[in-house]
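Data block below; observations after.
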Amino acid sequence: MSAPFEPVSPKVSFAELDAQTLARWEEDSIFEKSVEARKDGEPFVFFEGPPTANGMPHPGHVLTRVAKDVFLRYRSMCGYHVPRRAGWDTHGLPVEVEVEKALKISGKEAIENFGVEAFSRKCIDSVFVYIDEWRKLTQRIGFWVDLDDAYVTFHKSYIESVWWALNSLFDRGLLYQGYKVVWWWAQGGTALSAGEVGQGYKEVDDPSVMIRFPIKNGRGENAATSFLAWTTTPWTLPSNIALAVKADATYITAALQDGTKVVLAKALEEKVLKDHDYAIVDEKKGSEWVGTEYEPPFRYAEPEGGPAFRVIDADFVELTSGSGMVHLAPAFGEDDFRTCQEKGLGFLQLVKPDGTFPPEVTEFAGRFCKEADKDIIRLLKDNGVLFKREVYTHEYPFCERRMSDPLIQYARRSWFIKTTDEVHKTIENNQQVNWEPSHIKDGRFGQYLAGNVDWAISRERFWGTPLPIWINDETGKRASIASVDDIKKKNPNAFAHFEAAREKDPTLQEHLMVHKPWIDAVTWEEPGEPGVYRRVPEVIDCWFDSGCMPFAQWGYPHQNKEKFEQCFPADFITEAVDQTRGWFYSLMMISTLMAEKFPSGKQSYPHPFKNCVVLGILTDEKGKKLSKRYKNYTDPLVLMDRVGGDAVRWALYTNTVPGQNTRFYDRAAQDAVREFLLKIWNVYSFFVTYANIDGFDPNAERPSLSSRPDMDKWILAELDATVRSVRSDLDEYKSHLAARSLQRFVDALSNWYVRRSRSRFWSEGDNADKASAFATLYEVLVDLTKLSAPYVPFMTDALYANLVRKHDASAPESVHLANFPEPSDARRDDALRRAVELTRGVVTLGQRVRAEKKLKVRQPLAEAIVVINDDDERAAIDRFQNDVKEELNVTSLAFTTEPAKYVEFTLLPNFRVLGPKLGKAVPECKKVLAQADGSALHAEMSEHGKITVTLSSGPVELTGDEVQVRLTAKEDFAAASAGGQVVLLDTRITEELLHAGYAREVVNRIQRARKELNLAFDARIKITYSAEGPLADAVATHLQTIQKEVLATSMDVGETETSTDVDGHAFAFLIVAE
RNA sequence: GGGGCACUAGCUCAGGUGGUUAGAGCGCACCCCUGAUAAGGGUGAGGUCGCUAGUUCGAGUCUAGCGUGCCCCA
């Protein structure tokens, strides 16, 4: 008979195995089949958060990809239909920056000189370079997702869907133009994102000035009185609008030597006035000054849109530096802007976008604002309003690409979505979402929603979804559109220029017609209205793109209406915690805003996802964020070539917890190989080796479960328990917990089942026990393979191919097409699991006794005695008495319920019960019990069912459940105790036992020699030997046993070669292989 | 400056509703087995649970403050 299984090498290269598996998946379209095979199943909807395709993937991206994969594979094996569409986020400043670097140009002007059309094409090329890298990684890590049908955010159909959404917001009055304060790079003419700003801080010395703001028309007690305010940006003073105080702080009015008076916070009196002689003439709350008008230091232009030059209160005013009064210039500060707007004050922006002062600022017109600081201060001094001048050293942001250019905070006209009007709905929707970990819902995400501000959506850049708003250049009337067709209805020739260009150059992608610069040339006129409609110049925030993904991936509503209806909302998404304010927010907000435009069946689901697993951030060994700059990680592809894809996956599943940062490094992946993969592989290789020797036929009828020995029933019961916990954990999106169950099971399988059962597999001839062992291990391996398949898809598919598919042509061709194991009531046996747990506890204690008493396991002992609490416990352990006897190397196993001889009793209060009853007397009760004779109390309790102790408050009766009994082995016995269990060993060694021990030592010496001779495990040998003193008798007595153990066909006294020592006696021998 | 999360053994992590010997795996030390053998297994040593107060008969667990780290926002 040919071998039923392909031989398995215990030496395995998982990386090589991966390559074969990947090739097979590809060739046989296994992924496609896995989706197709379940197409009639209940749908399980998944949204792929589109990775930003502007850089190389790193281990953090690997984590999100495998975190997605495990649930998708699991659901698919459970029978769900799980289509998985990939997606790419292709827009945004980071893409532009990559291209600028490649072209060695920088700034808006440089891009315009290069040509926006050519630049957009470069952006597409750049994006695809990285998409290729991502593809490689995605496939290598075994993330099954449909890459060939990926949605791409720059595609025309995608952009038209985004336009549809924006158009709807525009129609509903939720899209408006306002100001936003940004970090502005004046020389480059662009705003920088927070990330970019963070890269460019350096320490600088800036002027720090205290200015007098005289009270307007100050008379009486206010005569010659000024507010004092502090600033490190004198160039913003010409744009001053207000002064802010802290409403509940105390402000003093101090009369100075020169006859003037100044107002400042009392808390800062000393710091500010330390060089002056002064007298406090008044004290007021900040709130009492609110509304007071003052004379601004400059008056080059009048503020627009509201009143100015008055005191207001603001919550951000601090009393730690400055004067406790803050100069506000809403054009140049976020807080300033927000506060002034809330108070309905005016606006003044006396710096041009290029950073220079406009002509109105006569003295400084044309000069760069920050550079003019010194002269501004001089002018303030000449005008007599400079109170104090110092130098202030602090961190200030510069443009990371030109570190000589300081950034300034600058208010720009910007388009906003009025999310604050609708956020209450989003907050409600959030309550419908199951977040893992759960604290995200009302913590990080909920808090973020609670502090919602309108979404600043426009960007003054080139490569992004163009804002679909057109403005009439004469009337100023605004219009928005939802699609290319909308435009063509207004002007059939709107895209003539694009089509002409495309005729000349067929490589010009159709998608570019909706991008800059082509879209900017699109205009129309309305009948009966003067002027031409021209598009606004902005593109939009690419987060809006990705948030539109539920419908934009289908081009909805312009096409694929049924697709959208089938695939909304998602059952499950997962990304890292940094997406809270990114994709999670944009998805949730946009779906809420757009819900009223969804088909009626979907309006009840304004929450776009039902379950969201929030992953932590991966860091290096020191807790530092992984970053290309620090080179503090190994390229995932390189790591996988070393240890295989499964090892990297398993390390991520077991070492990470949702929502928490995790230190990740190569060793974690190496450990995964040894701890999990290799353990399974060794069991598998053990099974295949003996199954082939024995001719095990997986198709033959197998012994019934009830006829199998307890050991087999036990491992199947453990398997069943594992199936149950893995399923329920995965159903609850707790993949890390399910992984731990698997780990525990594999440990039980290898450490106890296989180790204890090995000899059953090599026993001679046919017998029921062997048949049962093979059947059981086979069933366990097959189910374990399926159970781990979502986690370690490569290795499990190799196992499945050999164990199942090889001799069952009707089986699915891959484990990933198989059904996930179901719970089995037949296999379930919790009592048996408990029995083995008790048994293993006894073995542990017995081994501890041996170690403590230095009794070698090779020396047989007469008896082990187990102290038991009841007959159930006795029966449970007795069931496995052979295992206990072998593990402990004892001749017999005995039980006792009369342990008083061997153990001491200590009584302790059962705190949970006695706490409420005795209250403050608990510690005293504990003390009294501890000092009493525990054994006597225990005897009394056994007899009467209760005991009486005397506390200072009087006698107290305690029942059995009000105390807990603790057993401790008495010192004079070879005993060990733990968790209520006590095991004793009889340490008396008779001559008979001693000789049996010697025989085992002799076996050990010969086996070692066999190994050194590299003999095959089944090689037969002839032995000649000589033995000294008692050894000679021992060998003679146990000659047959020794021969059997070492596979010797003969063993006679004679010639020797190897000399060894057994307990001080010489034993020498010679081995001749047959 | 604001919000969030975390801090338990050398490392990675468990420790519903407070209950008195705080657990696992890895690593380490010692040992066993030698028919899973460049594998398999056992036992053990390691913890003032970030710090300080408080609530309580009792706090790793609850409260407050502080410290450290990380993420997000300013």
Side-chain angles (χ1 to χ4, degrees), chain A residues 8 10-11 194 316 318 320 334-335 437 439-440 442-448 450-451 453 576-582 614 616-617 619 621-625 651 654-657 659-665 667-668 671-672 674-676 678-679 681-690 693 736-737 740 743-744 747 750-752 754-756 758-759 761-762 843-852 854 856-858 887 889 908-926 964 966 968 976 978-979 1003-1004 1007-1008 1010-1011 1016-1019 1045-1047:
Chain A
V8 174
K11 284 174 239 163
F316 60 82
E318 283 172 20
T320 51
E334 178 86 55
D335 284 333
H439 60 72
I440 301 283
D442 295 316
R444 184 181 279 243
F445 195 71
Q447 295 286 329
Y448 183 57
V453 295
V577 67
D578 54 358
Q579 295 299 322
T580 311
R581 287 144 205 258
V614 184
I617 305 282
T619 69
E621 264 174 287
K622 291 171 194 137
K624 271 233 168 64
K625 201 174 174 177
T654 50
N655 290 335
T656 65
V657 180
Q660 287 198 36
N661 293 357
T662 306
R663 293 166 195 235
F664 183 81
Y665 34 97
R667 216 189 63 223
D671 289 348
R674 234 191 10 271
E675 287 169 38
F676 190 68
L678 217 45
K679 252 180 204 171
W681 190 264
N682 282 322
V683 172
Y684 163 65
S685 137
F686 170 84
F687 170 80
V688 167
T689 303
Y690 288 99
I693 290 171
H736 57 297
L737 298 182
R740 275 178 211 145
Q743 182 95 61
R744 252 195 315 280
D747 195 61
S750 171
N751 293 0
W752 191 251
V754 173
R755 188 164 64 80
R756 292 296 322 148
R758 275 159 61 199
S759 61
F761 291 89
W762 65 70
V843 170
T844 295
L845 288 177
Q847 274 162 345
R848 188 186 301 168
V849 177
R850 277 193 174 268
E852 273 166 11
K854 299 217 184 321
K856 278 194 282 196
V857 181
R858 276 200 290 266
E887 288 285 314
N889 195 14
L908 271 176
N910 182 351
F911 291 97
R912 205 184 277 273
V913 181
L914 274 186
K917 177 173 165 183
L918 297 184
K920 295 197 182 203
V922 167
E924 194 194 355
C925 178
K926 178 186 175 186
Q964 37 192 331
R966 188 161 294 158
T968 328
V1003 169
N1004 169 264
Q1007 295 287 36
R1008 274 195 232 165
R1010 278 186 69 113
K1011 190 173 179 192
F1017 72 80
D1018 56 351
E1045 286 293 313
V1046 302
L1047 300 183

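Letters go in sequence order (proteins before strands), and every chain restarts at 1.
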Report the distance from atom [atom1] of [X] to atom [atom2] of [Y], rounding to the nearest 0.5 Å.
X: T580(A); Y: I440(A); atom1: OG1; atom2: CD1; value: 5.5 Å
X: F911(A); Y: C925(A); atom1: CZ; atom2: SG; value: 8.0 Å
X: E1045(A); Y: L1047(A); atom1: CD; atom2: CG; value: 8.5 Å
X: W762(A); Y: I693(A); atom1: CH2; atom2: CD1; value: 11.0 Å
X: K917(A); Y: N910(A); atom1: NZ; atom2: CG; value: 11.0 Å
X: E924(A); Y: L918(A); atom1: CD; atom2: CG; value: 9.5 Å

[X] has an atom [atom1]; how far is it from atom [atom2] of [N], in whole Å?
X: I693(A); N: G35(B); atom1: CD1; atom2: C1'; value: 9 Å
X: I440(A); N: A6(B); atom1: CD1; atom2: P; value: 10 Å
X: E887(A); N: G42(B); atom1: CD; atom2: P; value: 9 Å
X: L678(A); N: G40(B); atom1: CG; atom2: P; value: 6 Å
X: K854(A); N: C32(B); atom1: NZ; atom2: P; value: 12 Å
X: F687(A); N: G40(B); atom1: CZ; atom2: C1'; value: 19 Å
X: Y448(A); N: G2(B); atom1: OH; atom2: C1'; value: 14 Å
X: W681(A); N: G40(B); atom1: CH2; atom2: P; value: 14 Å

* Sidechain N-carboxylate O distance under 4.0 Å for R755(A), E887(A) ->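 Result for this pair is yes, salt bridge flagged.
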* Electrostatic pair D747(A):R744(A) at N-O distance under 4.0 angstrom ->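 No salt bridge links D747(A) with R744(A).
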Expressed as a whole number of Å, how far does the [atom1] atom of [N] sit from that of [M]?
N: G23(B); M: G46(B); atom1: P; result: 14 Å
N: G40(B); M: U34(B); atom1: C1'; result: 10 Å
N: A14(B); M: A9(B); atom1: C1'; result: 13 Å
N: U37(B); M: U21(B); atom1: C1'; result: 39 Å
N: C62(B); M: G16(B); atom1: P; result: 9 Å
N: A6(B); M: A64(B); atom1: P; result: 14 Å
N: G3(B); M: G44(B); atom1: C1'; result: 46 Å
N: U61(B); M: A45(B); atom1: C1'; result: 27 Å

* Asked: Backbone N or O of V843(A) within a donor-acceptor pair of the R848(A) side chain at under 3.5 Å?
  ->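 Not confirmed, R848(A) side chain does not pair with V843(A) backbone.
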* Do side-chain atoms of R581(A) reach the backbone of Y448(A) as a donor and acceptor pair under 3.5 angstrom? ->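 Absent.
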Taking the side chain of [X] as its heavy atoms from C-beta onward, which of [options] lies nearest to it?
X: D671(A); options: G40(B), G35(B), C26(B); value: C26(B)
X: R581(A); options: U43(B), C71(B), C72(B); value: C72(B)
X: A851(A); options: U43(B), G40(B), C71(B); value: U43(B)
X: Q847(A); options: G42(B), C72(B), A74(B); value: G42(B)
X: R444(A); options: C26(B), G3(B), G35(B); value: G3(B)
X: L908(A); options: U20(B), C26(B), U37(B); value: U20(B)
X: K926(A); options: U20(B), C71(B), C26(B); value: U20(B)
X: H439(A); options: C5(B), G35(B), U43(B); value: C5(B)
X: Y690(A); options: G44(B), G35(B), C71(B); value: G35(B)
X: L1047(A); options: G4(B), U43(B), G35(B); value: G35(B)

Mind checking [X] for me? I need base, sugar-phosphate or nothing, with any heavy atom below 4.0 Å counting as a touch.
X: T844(A); result: sugar-phosphate
X: V754(A); result: base
X: R674(A); result: sugar-phosphate

* Asked: Given Watson-Crick or G-U pairs with both distances under 3.5 Å, what dot-bracket string fits RNA chain B, with | for other-strand pairs and [ ] for crossing?
  -> (((((((..((((.....[...)))).(((((.......))))).....(((((..]....)))))))))))).
* To do: Indicate whether OP1 or OP2 belonging to G40(B) is found under 4.0 Å from a side-chain N or O atom of N682(A).
  =>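 For G40(B), OP1/OP2 do have a side-chain N/O of N682(A) under 4.0 Å.
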* Asked: Under 4.0 Å: is that the gap between some side-chain N or O of Q1007(A) and OP1 or OP2 of G35(B)?
  ->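 Result: yes.
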* Any idea which heavy atoms bring V577(A) and V614(A) closest together, and the distance? ->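 For V577(A) versus V614(A), the nearest heavy atoms are CA-CG1, 3.5 Å.
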* To do: Provide the closest heavy-atom pair for A668(A) versus A651(A) in the form atom of the first, atom of the second, distance.
  =>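 Looking at all heavy atoms of both residues, the shortest contact is O-CB, 3.5 Å.
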* **Parallel, tilted or perpendicular, as decided by the 30° and 60° cut-offs, for the rings of F1017(A) and Y690(A)** =>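 Ring orientation of Y690(A) relative to F1017(A): tilted.
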* **Evaluation steps, side-chain contact (heavy atoms from CB on, under 4.5 Å), between T654(A) and R740(A)** => CA-CA 7 Å; T654(A) 50; R740(A) 275 178 211 145; 5.7 Å; no
Using nucleotides 11-18 of chain B, report all nitrogen or oxygen pairs with the protein that are shorter than 3.5 Å.
{"residue": "C11(B)", "atom": "O2'", "partner": "Y665(A)", "partner atom": "OH", "Å": "2.9"}
{"residue": "U12(B)", "atom": "OP1", "partner": "R663(A)", "partner atom": "NE", "Å": "3.3"}
{"residue": "U12(B)", "atom": "O2'", "partner": "N655(A)", "partner atom": "OD1", "Å": "3.3"}
{"residue": "C13(B)", "atom": "OP1", "partner": "T662(A)", "partner atom": "OG1", "Å": "3.3"}
{"residue": "C13(B)", "atom": "O2'", "partner": "R740(A)", "partner atom": "NH2", "Å": "3.0"}

* Syn or anti: how is G46(B) classified when any glycosidic angle within 90° of 0 counts as syn? ->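 G46(B): syn.
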Within the sub-3.5 Å range, which N or O atoms of nucleotides 54-60 of chain B have a protein N or O partner, and how far apart are they?
{"residue": "C57(B)", "atom": "O4'", "partner": "G919(A)", "partner atom": "O", "Å": "3.3"}
{"residue": "C57(B)", "atom": "O4'", "partner": "K920(A)", "partner atom": "N", "Å": "3.4"}
{"residue": "C57(B)", "atom": "N1", "partner": "G919(A)", "partner atom": "O", "Å": "3.4"}

* To do: Assess whether side-chain contact (heavy atoms from CB on, under 4.5 Å) is satisfied between K679(A) and N682(A), documenting all intermediate values.
  => CA-CA 5 Å; K679(A) 252 180 204 171; N682(A) 282 322; 5.8 Å; no
* Asked: Taking for each residue the nucleotide of RNA chain B with the nearest heavy atom, is it V857(A) or K679(A) whose nucleotide lies nearer the 5' end?
  ->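 Nearest nucleotide further toward 5': that of V857(A).
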* If you pin E852(A) and I617(A) to their nearest nucleotides in RNA chain B, which one's is more 5'? ->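 With E852(A) and I617(A) compared, the 5'-side residue is E852(A).
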